[in-house]
Amino acid sequence: MGWKEDWKAKEHSAMDAVRRIGRGRHIFIGSGAAEPIALVEALTANAECFSDNPIVHLLTLGPAPYVEERFASNFRHNAYFIGPNVREAVGAGRADYTPVFLSQIPKLITSRRTPVDVALVSVAPPDDNGYVNLGVSVDIVLAAVDAADVVIAEVNPAMPRIHGAGAIPTRLIDAWCTTEHPLPEHPPETLDEVDMEIGKHVASLVPDRATLQMGIGRIPDATLMSLMDRKDLGVWTEMFSDRLIDLVENGNVTGKYKTTDKWRINSSFTFGTQRLYDFIDDNPAFEFRPSDIMNDPGRISRQHMMVAINSALQVDLTGQVSADSIGSKFYSGIGGQVDFIRGASLCPGGKPIIALRSTAKGGTISRIVASLAEGSGVVTSRGDVRYVVTEFGIADLWGRSVRERATALIEIAHPDFRDELLASAKQRKYVFQDQQTGPATAPRGWSRKLETSRGTVRIRLLRRMDERKMQDLFYNLSEETKQKRWMTAMVRLPHEAMEQYLDVDYDRRVAFVVEHTESPDAEPAILAVGRYAGVVGQDDAEVAFVVRDDWQGVGVGTALLERLVAFARSRGLDALTAEVLSTNAKMLRVFHDFGLPIRTKLEEGVIDVRISLEEKRPK
C-alpha cells in the first residue's frame, strides 16, 4: 500500500479519533498557535470516556476546557508554562505546574520521565512526498510525536509549512481528522512611552552583527522597533513575533555573521498575526528546530555575539530574578530564560539582559524590591544576571559586589521608591550608611562617542555607580595633575569625600565623565571628569576638570567642556567660571581655544576665568 492509501485509511472524525485514547492514558497537546482545537473540543465532548487522564503541554492559545472543575475526575492538567487559559485552574489547585528549563523538556518526554502515551497535534496537510508539517510549533511537540504510542493529528490547511525539523512522515500518524480554521492570533500590543524607553535602553546594548533572542510582548516589540538602524543581525531564538518581520523586511536581519545556519532565522515556535503566518509559510529563511537544540546553552554560547533579552516579575537588590511566580502564586513558567541567559553569558561578546517595567499595578508597586515577595521562586540566580534594564536605565551587575548591585538597581528603580529601597538596603547593611539616593533620573540624550588618537571613548553623565571608578581615576593621577586640579596636596579621596562629588542634580550640579574600554568584556575605566556647580537663582556656575595624564592632549578636555556648555545652556545658565593655576597652560588653552567670549583675571598665581555662554565670540 502506498502512503496515500495508508493515509486515507487513517482518517476519522475528531470525535472518533479521541475515542482511541484509553482511560488513564497520558495525553500531550500541541503548543501555542498549533493547539489542535477540534481535538481538544472532542476530548471534553467525550469526557465520559476518560478517567484520570493526565494532560501536559506548554502555553496554548486556544481553549482549555479540560481544566474546568466539572472535568476534575476526567482530566488533570500539568503545565510546563502557565498560560492565561489555565492560570486560574493552577491557582485553584485543579491543575499542576512543573518548573523546568525549556531545553530539558524534550528529554523528560523521550526518556518517559514524563510519560506521553498519546500526542494530539496540529499539522499542515501532507506534501507530495508524504510528509506532514508541525508548522508554527516544533518546540517540544517533536519529542512528543517521537515518544507517543499513538499520534492523532488535526490536519489544517491554514497551518504554514516551516522548513527545518518539523516535517514528519505520515506513517508516524495513527489517526487524523480534518479541520479548517485560521490559526489563533496574538496581535502586537499597543506600546506606551515606558515600553519605548525600555526598548531604547535594551537596543543600546545590541551592536551590529549581533545574534538575537527575544520573547513576545511589549518590551521585546519596543526593542525590535528600536533596532531599525542595525546591520546584519542574526536570530537564534526560542520564539519570535510580528515585529521581527519588520526588521527582516527592512533588511536589518540578514544572518550574515551567524555561527550556525548562516542566512537563516532559527526558532522553535512562533505565534502572532496572519501576516506573520503568511510570511513564514514555505519561506526558506526560517528554520524551526526542537527546544533541546534551540535552547541548549552550549549551542547558544557558540552563536556570534549572542544577545538574550528576557523579562521578569521582580528583581531584588542582590540581582535575584523572579519570573514565574508572584509570591507563592504561580504565574507563568521558567521557559527558556535561564537557557539563554547562561548561553549568552558564555558567548564571546554575548549580553544576557533582563528587562522590565520599574513598577506594576499602575505605578503603586515597585518591581525592583529589597527582597523578593514571600514565596517567590528564583528563576535566574544572582550569579547568572548581568544586565537589568528599566525605563530609567541600565544596571550592569556582572562582577559587582552586593553594595554595587544595590546601588545600581536603586538607580534604575522608579524615583517614587528609591528612598524606600535605599533605607532597606541600609538596614540590610548592603550599602554605606551615609549613602544618598541621588537625583530622580538622569536626562537622556547626553552621551556621545569621541574618536581620539588613542581610541574611541564615551562621554556620559556621572552616575552614583561611578564611585569606585572615580577613586581609581584619582589614584592614577600624577601628583602634578592633582595639584593643578585641587590646588593642594591631595593624598586621599575616601568615600566621605566621594559623596560630595556624586552629589549631582542634573541642573545646578552636573558632571560628565569620559570612559574607555580596553576589551569587550573589560570594565570601562573613567579617564576624565568635568563638572560644574552653581547655586539656584544664580546665572553662572563654577566648572572644573581633571584628565588622566596618559589621556591629556587628545581632545578629551575640550569634549568635556562642550558637553558642559551645552548642558548649562539647556538649564538657562549665562556663564561658566573657573579658577586655574597660572602654570596650568593646558587647561587655559582649552578655555581660550573653545571659541566663546572669555574674560580672565590674575590674582596671586590663580587665574579667574569667566566664559560667556553666547553662541560665538564677538569679532
Side-chain angles (χ1 to χ4, degrees), residues 27-41 55-64 66-67 77-87 97 100 102-103 105-106 109 116 119-124 132-145 153-156 158-162 164-166 168 179 181-189 213-217 220-221 237-245 265-281 286-295 311 332-337 339:
I27 302 170
F28 173 89
I29 294 176
S31 313
E35 177 185 348
I37 295 174
L39 292 175
V40 167
E41 292 175 348
I55 293 178
V56 296
H57 60 68
L58 285 174
L59 178 148
T60 59
L61 294 189
Y66 40 83
V67 299
H77 173 51
N78 181 14
Y80 289 133
F81 194 97
I82 303 169
N85 57 357
V86 301
R87 189 168 293 136
Y97 162 55
V100 61
L102 189 50
S103 61
I105 299 176
I109 293 172
V116 170
L120 306 183
V121 299
S122 181
V123 300
V132 294
N133 195 287
L134 295 176
V136 296
S137 283
V138 174
D139 47 67
I140 67 171
V141 179
L142 186 61
V145 169
E154 181 175 302
V155 179
N156 186 356
M159 178 65 73
R161 304 189 68 87
I162 311 297
I168 59 175
T179 187
H181 58 77
L183 268 59
E185 295 191 55
H186 191 282
E189 299 179 64
Q213 175 259 337
M214 77 300 293
I216 190 169
D221 283 355
T237 186
E238 64 192 15
M239 72 164 302
F240 60 89
S241 61
D242 282 67
R243 297 293 185 187
L244 178 63
I245 307 306
I265 293 169
N266 296 110
S267 185
S268 65
F269 68 99
T270 186
F271 48 78
T273 67
Q274 191 59 46
R275 174 202 175 208
L276 181 151
Y277 302 143
D278 291 340
F279 191 87
I280 63 177
D281 185 25
F286 293 83
E287 290 192 358
F288 281 21
R289 297 181 177 182
S291 298
D292 51 346
I293 292 178
M294 294 307 305
N295 286 64
S311 61
S332 55
I334 291 176
Q337 179 172 128
D339 296 328

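We number each residue from 1, following the sequence as shown.
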> Passes side-chain contact (heavy atoms from CB on, under 4.5 Å), Thr60 versus Val40? Steps please.
CA-CA 11 Å; Thr60 59; Val40 167; over 6 Å; no

> Listed by chain and number, what are the side chain to side chain contact (heavy atoms under 4.5 Å, CB included) partners of Ala124, not counting sequence neighbours?
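Here the qualifying residues are Asn133, Met159, Arg161.
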
> Listed by chain and number, what are the side-chain hydrogen bond (donor to acceptor under 3.5 Å, both in side chains) partners of Glu189, not counting sequence neighbours?
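By the side-chain hydrogen bond (donor to acceptor under 3.5 Å, both in side chains) rule, Glu189 matches no residue at all.
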
> List the steps, then state whether side-chain contact (heavy atoms from CB on, under 4.5 Å) holds for Val145 with Val121.
CA-CA 8 Å; Val145 169; Val121 299; 4.1 Å; yes

> Nearest 0.5 angstrom please: Ile216 CD1 to Thr270 OG1, how far?
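The OG1 atom of Thr270 is 7.0 Å from CD1 of Ile216, to the nearest 0.5 Å.
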
> Apply side chain to side chain contact (heavy atoms under 4.5 Å, CB included) to Asp242 and list each qualifying residue two or more places apart in sequence or on a separate chain.
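With neighbours one apart ignored, the set is Pro188, Thr273, Arg275, Leu276.
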
> For a 4.5 angstrom cut-off between non-hydrogen side-chain atoms, does Ile29 reach Val56?
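In short, these two side chains do not touch, never coming nearer than 4.5 Å.
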
> If you take all heavy atoms of Leu39 and Ala153, which pair is closest and at what distance?
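So the minimum-distance heavy-atom pair works out to CD1-C, 4.1 Å.
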
> Between Glu35 (side chain) and Gly30 (backbone), is there a donor-acceptor pair under 3.5 Å?
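No.
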
> Taking all non-hydrogen atoms of both residues, which atom of Ile280 and which atom of Pro160 are closest, and how far apart?
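Ile280 and Pro160 have their closest heavy atoms at CG1-CB, 4.4 Å.
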
> Kindly compute the distance separating CZ (Phe288) from CD1 (Ile293), expressed to the nearest 0.5 Å.
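The CD1 atom of Ile293 is 14.0 Å from CZ of Phe288, to the nearest 0.5 Å.
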
> Can you tell me how far CG of Leu102 sits from CE of Met239, rounded to the nearest 0.5 angstrom?
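Those atoms lie 11.0 Å apart.
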
> Under the ring pair (Phe, Tyr, Trp, His ring centres under 6.0 Å) test, which residues partner Tyr277, sequence neighbours left out?
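Here no residue qualifies.
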
> Using side chain to side chain contact (heavy atoms under 4.5 Å, CB included) as the criterion, list what pairs up with Ser311, not counting sequence neighbours.
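Side chain to side chain contact (heavy atoms under 4.5 Å, CB included) check on Ser311 returns nothing, list empty.
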
> What residues, two or more places apart in sequence or in another chain, satisfy ring pair (Phe, Tyr, Trp, His ring centres under 6.0 Å) together with His186?
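With neighbours one apart ignored, the set is Phe271.
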
> Can a side-chain donor-acceptor contact be found between Ser268 and Asn295 if the only test is distance below 3.5 angstrom?
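No.
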
> What is the minimum heavy-atom distance between Ser103 and Asp339, and which atoms define it?
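Minimum heavy-atom contact is OG-OD1, 2.8 Å.
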
> Can you find a side-chain donor-acceptor pair between Thr179 and Asn156 that sits under 3.5 Å?
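On atom types as modelled, these side chains do not qualify, holding no pair under 3.5 Å.
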
> Should His181 and Glu154 count as side-chain neighbours, where that means a heavy-atom distance under 4.5 Å?
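In short, these two side chains touch, coming nearer than 4.5 Å.
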
> How would you list, by chain and number, every residue that makes a side-chain hydrogen bond (donor to acceptor under 3.5 Å, both in side chains) with Ser31, sequence neighbours excluded?
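Residues passing side-chain hydrogen bond (donor to acceptor under 3.5 Å, both in side chains) with Ser31: Asp139.
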
> Tell me every residue that passes salt bridge (charged side-chain N to carboxylate O under 4.0 Å, His left out) with Glu41, counting only those two or more places apart in sequence or in another chain.
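Residues passing salt bridge (charged side-chain N to carboxylate O under 4.0 Å, His left out) with Glu41: none at all.
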
> Hey, are the side chains of Ile55 and Asn78 touching, using non-hydrogen atoms and a 4.5 Å cut-off?
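Answer no - side chains too far apart.
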
> Could you check whether any side-chain heavy atom of Val138 comes within less than 4.5 Å of a side-chain heavy atom of Ser291, counting everything from C-beta outward?
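A side-chain contact is absent here, since even the closest heavy-atom pair is not under 4.5 Å.
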
> Just so I know, are the side chains of Met294 and Thr237 near enough to count as touching, which here means a heavy-atom distance under 4.5 Å?
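Heavy-atom side-chain distance check fails, nothing below 4.5 Å.
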
> Can you list the residues that meet the side chain to side chain contact (heavy atoms under 4.5 Å, CB included) rule with Asp292, with sequence neighbours excluded?
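Residues passing side chain to side chain contact (heavy atoms under 4.5 Å, CB included) with Asp292: Pro106, Pro290.
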
> How long is the gap from CZ on Phe269 to CG on Leu134, to the nearest 0.5 Å?
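Between Phe269 CZ and Leu134 CG, I get 14.0 Å after rounding to 0.5 Å.
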
> Nearest 0.5 Å please: distance from the CD1 atom of Ile162 over to the CD atom of Glu287.
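These two atoms lie 11.0 Å from each other.
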
> Looking at Phe286, is its backbone amide N or carbonyl O close enough to the side chain of Asn266 to form a donor-acceptor pair, meaning the two atoms are under 3.5 Å apart?
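Flag not set: sc Asn266 to bb Phe286 has no pair under 3.5 Å.
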
> I'd like to check the side-chain hydrogen bond (donor to acceptor under 3.5 Å, both in side chains) partners of Ser267; sequence neighbours left out, ordered by chain and number.
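By the side-chain hydrogen bond (donor to acceptor under 3.5 Å, both in side chains) rule, Ser267 matches no residue at all.
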
> Side-chain contact test, heavy atoms from C-beta onward, threshold under 4.5 Å: evaluate it for His57 versus His77 and give yes or no.
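Yes, side chains in contact.
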
> Are Phe28 and Leu120 packed together at the side-chain level, in the sense that at least one heavy-atom pair is separated by less than 4.5 angstrom?
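The answer is no; the side chains never approach within 4.5 Å.
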
> Answer yes or no: is there a side-chain heavy-atom contact under 4.5 Å between Phe240 and Met214?
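In contact.
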
> Sequence neighbours excluded, which residues qualify as side-chain hydrogen bond (donor to acceptor under 3.5 Å, both in side chains) partners of Ser241?
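Residues passing side-chain hydrogen bond (donor to acceptor under 3.5 Å, both in side chains) with Ser241: Asp221.
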
> Ring pair (Phe, Tyr, Trp, His ring centres under 6.0 Å) with Phe81: which residues, sequence neighbours excluded?
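Result, ring pair (Phe, Tyr, Trp, His ring centres under 6.0 Å) vs Phe81: none returned.
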
